[in-house]
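Chain letters run A, B, ... following the sequence lines, proteins first and then strands; every chain starts at 1.
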Amino acid sequence: MKCRFYLLDINEGEWEGKPCVRLWGLNAQGQRVLILATQIMPYFYYLPSTDSDLDSVRERLLDDKRFGRVASITIEPRKRLGKEQRVLRIVCSDPSAVTKYSEQMPRALGGTSYDDLRLPVRYVADLMLTTCGWNECEVEPIDLHGVAVDKTYVATTAPRGIGDGGPPPKLRCLFFSVLAVAEKGSAKAEHDPVRGIAIATDSGRSELFTSAGDDDSQTLDLFITFVKEYDPDIIVGFESNRLEWPYLTQRSKLSKKKLAVGRDFSEPHSSVYGHVSITGRANLDLSDIAAGISELKVKTLENIAKYLRLPSADKITTIDEWDRYLLWATASGRDQLLKNTKTNSQVGLEVAEATIDYPMQLSAITGLPLDQVMTAAVGFRVDSYFVRQAHEIGELVPAKNELPFLTYRGAIVIEPETGVHANIAVLDFASMYPKLMVNYNLSPDTLVKPDEILPEESVYVIPDVGHRFRREPDGFYRIVLTSLIDQRARIKKDLENLTSHTTVFQVLKERERALKVITNACYGYAGWAGARWYVREVAESATALGREATTKATKKAKSLGLKVIYSDTDSIFVSNEKAKIDDLLLWVEKELDLEIKIEREYTRVFFTEAMKRYAGLRKDGTIDFVGLEVVRGDWSDIARLVQEQVLVSILKGQSTKEAIEIVRRALKQLREGHVPIANLVIRKTLTKPIEDYRVRAPHVEVAKQLVKEGWHLTVGDKVAYLIVKGRGSLFKKTRPYNQVKPEDVDVDYYVENQVKPAAMRVLERFGVNERQLLV
DNA sequence: AAGGGCGCACTTTTGA
DNA sequence: TCAAAAGTGCGC
């Protein structure tokens, strides 16, 4: 019988003594299914050194005792950098041999291995399976114990992804939130019991699980039982990968329980990209979604809800970890904490529902399962997409690189005309790098070696850097990018005929966004030393061509009589003169084969002397703040707020008098101690392990202190601190956010090193001097 | 265990 | 006292 299934999760397994993958999903009737597929045996490709004969190498390998788990070897035609090659396909009897042998063979016999892929990835690539999408194969029912699904099958034909299989089935979604309380520092599984777990489901269930006293086994039992009964397809949490799952797993172990939430009753386990995997379900961590929202400076669930303007955003408040212990000591405090946890789960579910379309579409496009796609870095998403595309065209997949990398020249920024300008248009090249890569066929397989002699008319010669690329045939990057660009164009067209607010529209919109992100990431990917298709020359040529395009367009703009006040990479700020701009747009299209658009129009725009920092007033009255302290997460709120008000006043008002008054008022408030401590907090990220720092930076000193006090701090964490009164260097006057009393604050520092510099950055352009800020 | 590129502004520490 | 180095976070 035929089975159509929506794919949620894939893992390795075994069936009748053969390696298989387990495909977890839902069928067209909405039943939960598990399909075992044994069609593909684990394999990789091996290309022996050039002088050896394939047949004899094959014989030798089959006899080699070191490679006892080689099941068979065939000789196949594949392409390496577009060139037809005959390679050995090494089929192994178990999946782990692929990783081992693909490294050992080149070491023992020379040559190179390709397509060293884990079996689930192999399946996704070879069969174009669609994660978060529909697939199809012939199946036979089987009896399988130890799994909680409606149907179990074995695939009798190879499963295939079906392009547009229609809308997804109704998926069950559960959000969970864990309350942990510690006397000092971060909660630790060894001595801090789970105080409560709240869940909320898409079916409207909202529960709070607790235990009496310090024994949390009832809480855990209730949670495990609920998950089993509700049987969600998607489990969502906040910081669940890093904190909640490891904590719950450890707590369960301590009470001799198994956190058997998987559809095979296994426990959550951490996997490749630092994500947690729950067999048969998709585990999603909203903090990974928050990480992708750069406007969000402090990544809390509360702040995401507010950012998304969810109706329920007002219901949620963040209770800091260090406040929990005292609250927990009183009955009313406990009540507050538990209620807060429950609210978290309800709002969390709404956040999940509002944001999940994007990860699902990104998963469908890249082939990375839903639980991996948001934790995987941009480079790995591109990697995954490329692996699928490579298989389609028969191209060998190179191993991941650990090549030494070389830096290269990037884009041009021209210094802005300082001050305020009226009526400015911002012109942007649309997808500049991707289009240049397509236009000039920039790709590893079209790159001409420096010593190779080719007729001039058969290659593109890149300005400035001199690299050459064959005009024909289409290179790998051109093929991949063209497909991405075309798909996106098609969706954009479809969107025009749909009404917004419909589900279909939203899903397509997110798909379009996912395609755009992948498209734009290709340039950076080419210049990333860790990429499978790392080719510095491609990235270097893209930036060289970009410099040329922007320079030429700028020159043309000037010759048309436009005033150019600033330019960065692929954007040009010009006087907003419609007719001249239209001429320029046409010229760019014709002469540069690129598209340039009016991206924004400013009625007024302000520049300091610096590049990459400005503020522009749009026609609708909103202001874009770019690069300035206002948008930086490492300045105190008070400094950012004052600068923002100053800029509003400058761009919307008439004189600087009002702006000066704003600063004076703020400084007065500050000096009188009326500014709440929360507005004085400075946050900086730990970008490396604490012991690796070579200087005593303020946030690192605070981090050291916090670690001593029992807080878990790791790379990527933000350290929140204040500056307090004292002597000596700044790093001696820093204290953790939660330990500062208002009277200890070093007001002078905030006046002289926060508010004044932020305000003066703007005001000094108008001849205001610092003394004028004194009252 | 990892976690796209380069260009730029700016603050603070360091070391002579 | 001063320039260089370290460090962070931004723009595109």
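- Heavy atoms of A:G524 sit under 4.0 angstrom from at least one base atom.
- Considering only residues two or more places apart in sequence or on other chains, A:Y721 meets the ring pair (Phe, Tyr, Trp, His ring centres under 6.0 Å) condition with none of them.
- One interatomic measurement links the two molecules: CH2 of A:W528 to C1' of B:dC6, which rounds to 17 Å at whole-angstrom precision.
- Atom CZ in A:R532 sits roughly 13 Å away from atom C1' in B:dA2 (whole-Å rounding).
- When the C1' atom is used for both C:dG11 and B:dG4, the distance is 15 Å, rounded to whole Å.
- Remark: C1' of B:dG5 and CG of A:L436 are 15 Å apart, rounded to the nearest angstrom.
- Considering only residues two or more places apart in sequence or on other chains, A:R547 meets the side-chain hydrogen bond (donor to acceptor under 3.5 Å, both in side chains) condition with A:D464.
- Residue contacts shown for A:F429 are absent, as no nucleic acid heavy atom lies under 4.0 Å away.
- For the residue pair A:D624/A:Y614, the side-chain donor-acceptor check at 3.5 Å is not satisfied.
- Picking from C:dT8, B:dG5, C:dG9 the nucleotide with the shortest atom distance to the side chain of A:Y693 gives C:dT8.
- OP1 or OP2 of C:dC10 has at least one side-chain nitrogen or oxygen of A:K297 nearer than 4.0 Å.
- Two end axes, each from the C1' atoms of five base pairs, can be drawn for the helix from B:dG5-C:dC12 to B:dA16-C:dT1; they diverge by 10°, to 10 degrees.
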Query - nucleotides 9-16 of chain B: protein proximity per nucleotide (B base, S sugar-phosphate only, - neither; heavy atom, under 4.0 Å) - result: SSSSSS--

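- Within residues 684-692 of chain A, the residues that place at least one heavy atom under 4.0 Å from DNA chain C are, in residue-number order, A:K684, A:T685, A:T687, A:K688.
- Using a 4.0 Å heavy-atom distance criterion, A:R409 is classed as a sugar-phosphate-only contact.
- For residues 744-759 of chain A, the set of pairs meeting the salt bridge (Lys or Arg N to Asp or Glu O under 4.0 Å) definition, not counting sequence neighbours, comprises A:K733-A:D746, A:E752-A:K756, A:K756-A:E770.
- Evaluation of the salt bridge (Lys or Arg N to Asp or Glu O under 4.0 Å) test over residues 435-446 of chain A, restricted to residues two or more places apart or in two chains, returns A:K435-A:E595.
- Residues in residues 713-724 of chain A take part in these salt bridge (Lys or Arg N to Asp or Glu O under 4.0 Å) pairs, two or more places apart or across chains: A:R242-A:D717.
- Atoms CG (A:D285) and P (B:dG3) sit 19 Å apart, rounded to a whole Å.
- When each of A:V413 and A:N520 is assigned the nucleotide of DNA chain B with its nearest heavy atom, A:N520 is the one assigned upstream, toward the 5' end.
- The nearest whole Å value for the distance from the NZ atom in A:K400 to the P atom in B:dA2 is 14 Å.
- At the heavy-atom level, A:A411 lies under 4.0 Å from the strands shown only through sugar-phosphate atoms.
- Nucleic acid contact class of A:V382 (heavy atoms, under 4.0 Å, all strands): none.
- Here the C1' atom of nucleotide C:dG11 and the CG atom of A:D634 are 15 Å apart, to the nearest Å.
- Contact annotation for A:T375: base contact, defined as any heavy-atom pair under 4.0 Å involving a base atom.
- The closest side-chain heavy-atom distance from A:S287 to A:K299 is not below 4.5 Å.
- Contacts of A:E644 classified as side-chain hydrogen bond (donor to acceptor under 3.5 Å, both in side chains), with partners at least two apart in sequence or in another chain: none.
- For the P atoms, the distance from C:dT8 to B:dG3 is 16 Å, rounded to whole Å.
- Residues meeting the side-chain hydrogen bond (donor to acceptor under 3.5 Å, both in side chains) test with A:T687, sequence neighbours left out: A:Y693.
- Between A:Y614 and C:dC12, a side-chain N or O to OP1/OP2 separation shorter than 4.0 Å is present.
- When only modelled atom types and interatomic distance are considered, A:E510 and A:Q361 share no side-chain donor-acceptor pair under 3.5 Å.
- Protein atom CG of A:L406 is 14 Å distant from nucleotide atom C1' of B:dG5, rounded to whole Å.
- Between A:H699 and C:dG7, a side-chain N or O to OP1/OP2 separation shorter than 4.0 Å is absent.
- Take A:S271 and apply the side-chain hydrogen bond (donor to acceptor under 3.5 Å, both in side chains) test, not counting sequence neighbours, and it matches no residue.
- At whole-Å resolution of the value, CE in A:M432 and C1' in B:dC6 are 12 Å apart.
- Remark: A:K597 pairs with no residue by the salt bridge (Lys or Arg N to Asp or Glu O under 4.0 Å) rule, at least two apart or across chains.
- Looking only at side-chain heavy atoms (C-beta outward), A:K400 and A:F380 come within less than 4.5 Å of each other.
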